[in-house]
Amino acid sequence: MKRILFVILITLYFHEGMGQSADLSGTANAFLNLLSVDVKSQIQFKMDDEERFNWHYVPRFRNGVSLHDLTQPQLEAALNLLKASLSVQGYKKATDVMALESVLREVENRSADDTYRDPKKYFFSIFGTPAKDKPWGWRLEGHHISLNFASVNNKMESSTPSFFGSNPATIPSGKRKGEQILKDESAMGFALVNSFSSAQLQTVVIAEAAYPEILSENKRKATTLTPRGILYPDMNEQQKKLFMTLLDVYVKNYELGFSTTLMNKIKAAGIENLSFAWAGSLKPGKGHYYRIQGPMLLIEFDNTQNNANHIHSVVRDLTNDFAEDILKEHYLKDHAKN
C-alpha cells in the first residue's frame, strides 16, 4: 500500500505542474524546516565536505536521508526542491527512473518487500546552508540517478554531474510493456548515426563493439576522450539539426535558467568544436554507445548490459562539475572584499 501511495504522489506532483521556483534557497529551507534535528544531522553536510564528491549510480550504501525516512509533508517538500531544480521533462525522467525499481523488482522475481530494488531507496543530501547570498548545494542519488546541484547567490550555477539510467531500457512485460524512459536519448542517437554516409561512418564509428560502461564512470574529474569521432562542421545540414536536437535532449533536463546558461556556455566554447562518436551496433537490440563532447562538455550514453536493454547516460561539465570553477571565483571575490 505504501508503495502504491508513493507512486500516486509522484504522479500527482508531475501532473500538477508546479513550475520552477525563483527562490531555490527558500524551497530548500521549506524542506529543511519540516525535518527533526536528528534527520537534519543526517542530511546536512558542509559545502566543502568530501561527501559532495562521493557520487555513484549503482545500488550501494549512501549517506543522507532516504525517501523512507520522510513523512508525506516532508516528501512533498523534497519533491518541490527536485521540481525547482529540473525542467518538467527532467523531473518526469527522474521520478520515472525511481518508480522503475518496482518494475525491476518484478523482472528479477524479487519479493514485494525486497529492499535491493526499492523506489524509495533514494537519498537527499544538502551541502552548506541554503541562503540567497551564500553558496550551497544538494544531491538526489540512488540506483540509476545521481543529480548534483550547486547554487551561488540564489542562482543555479551547476547541475553536473548528472546521471540517468534505465534498467530495463524497454519494459519487457506487464502493464507498462514497451515503455522507454530514456526513449529520446536512444531514438535520436540512432537517427543521427544512421544519417551518416559510409564515408562519414569511418570517422563516426570508433569501435566495432560498444564499451561495457560509460568511460567517465563516477570519477570526480572527467576529461575529454579519444578518438573524437566526427566534428560538427563535417556534418551536413540535416545531420547538424539532428545533432542539436540530440544535444537539447540532455541540456533541457535542467530548470530553464540553468539550461539556458549551459547552452550559452556550450555555444561560447564553439558549437564547431563539438563532436559525435559511436561504438557498436547501428541498430537497436545489440550493444551500442555514443558520446558528444567539446572543450567543456562530455555526454556519454551506453546500452550494452542485459542484452542491450540497460542504459547509462551522463552529462559532465569538464570545467565546472560540482560548481568548482564558479565557487573558486566566488571565494576569491569574497576574500578580496575582506
Can you name the ring pair (Phe, Tyr, Trp, His ring centres under 6.0 Å) partners of H143, sequence neighbours left out? none
For S111, which residues count as a side chain to side chain contact (heavy atoms under 4.5 Å, CB included) partner, sequence neighbours excluded? D113, D114
Strictly by side chain to side chain donor-acceptor pair (under 3.5 Å), give each pair with a member in residues 222-248 just once, sequence neighbours left out. Q200-Q239
For A187, all residues meeting side chain to side chain contact (heavy atoms under 4.5 Å, CB included), sequence neighbours excluded: none
What residues form a side chain to side chain contact (heavy atoms under 4.5 Å, CB included) with T71, not counting sequence neighbours? P73, Q74
Enumerate the salt bridge (Lys or Arg N to Asp or Glu O under 4.0 Å) contacts for residues 205-216, please, sequence neighbours excluded, ordered by first and then second residue. none
Name all residues meeting the salt bridge (charged side-chain N to carboxylate O under 4.0 Å, His left out) criterion together with E324; count only those two or more places apart in sequence or in a different chain, and write none if there are none. R220
Residue pairs passing the side chain to side chain donor-acceptor pair (under 3.5 Å) test where at least one lies in residues 259-285, sequence neighbours excluded: K265-D317, K265-T319
Assess the side chains of D184 and S186: does a donor N or O sit below 3.5 Å from an acceptor N or O? no
According to the ring-ring contact (aromatic ring centres under 6.0 Å, His included) rule, which pairs have a member within residues 30-52, sequence neighbours left out? F31-F124, F45-F127
Could you list the donor-acceptor pairs under 3.5 angstrom formed by side chains in residues 292-300, with sequence neighbours left out?
unit_1 : atom_1 : unit_2 : atom_2 : d
Q293   : OE1    : L225   : N      : 2.8
Q293   : NE2    : L225   : O      : 2.7
E300   : OE1    : L215   : N      : 3.3
E300   : OE1    : S216   : N      : 2.9
E300   : OE1    : S216   : OG     : 2.6
E300   : OE2    : L215   : N      : 2.8
E300   : OE2    : Y289   : OH     : 2.6

Salt bridge check: are E106 and K175 linked by an N-O gap of less than 4.0 Å? no
Can you find a side-chain donor-acceptor pair between S158 and N320 that sits under 3.5 Å? no
Sequence neighbours excluded - salt bridge (Lys or Arg N to Asp or Glu O under 4.0 Å) pairs with any residue from residues 139-165: E51-R139, R60-E141, R62-E141
Taking E101 first and then K121, would you say they form a salt bridge - that is, a charged N and a carboxylate O separated by under 4.0 Å? no
Partners meeting salt bridge (charged side-chain N to carboxylate O under 4.0 Å, His left out) with E179 (sequence neighbours left out): R176
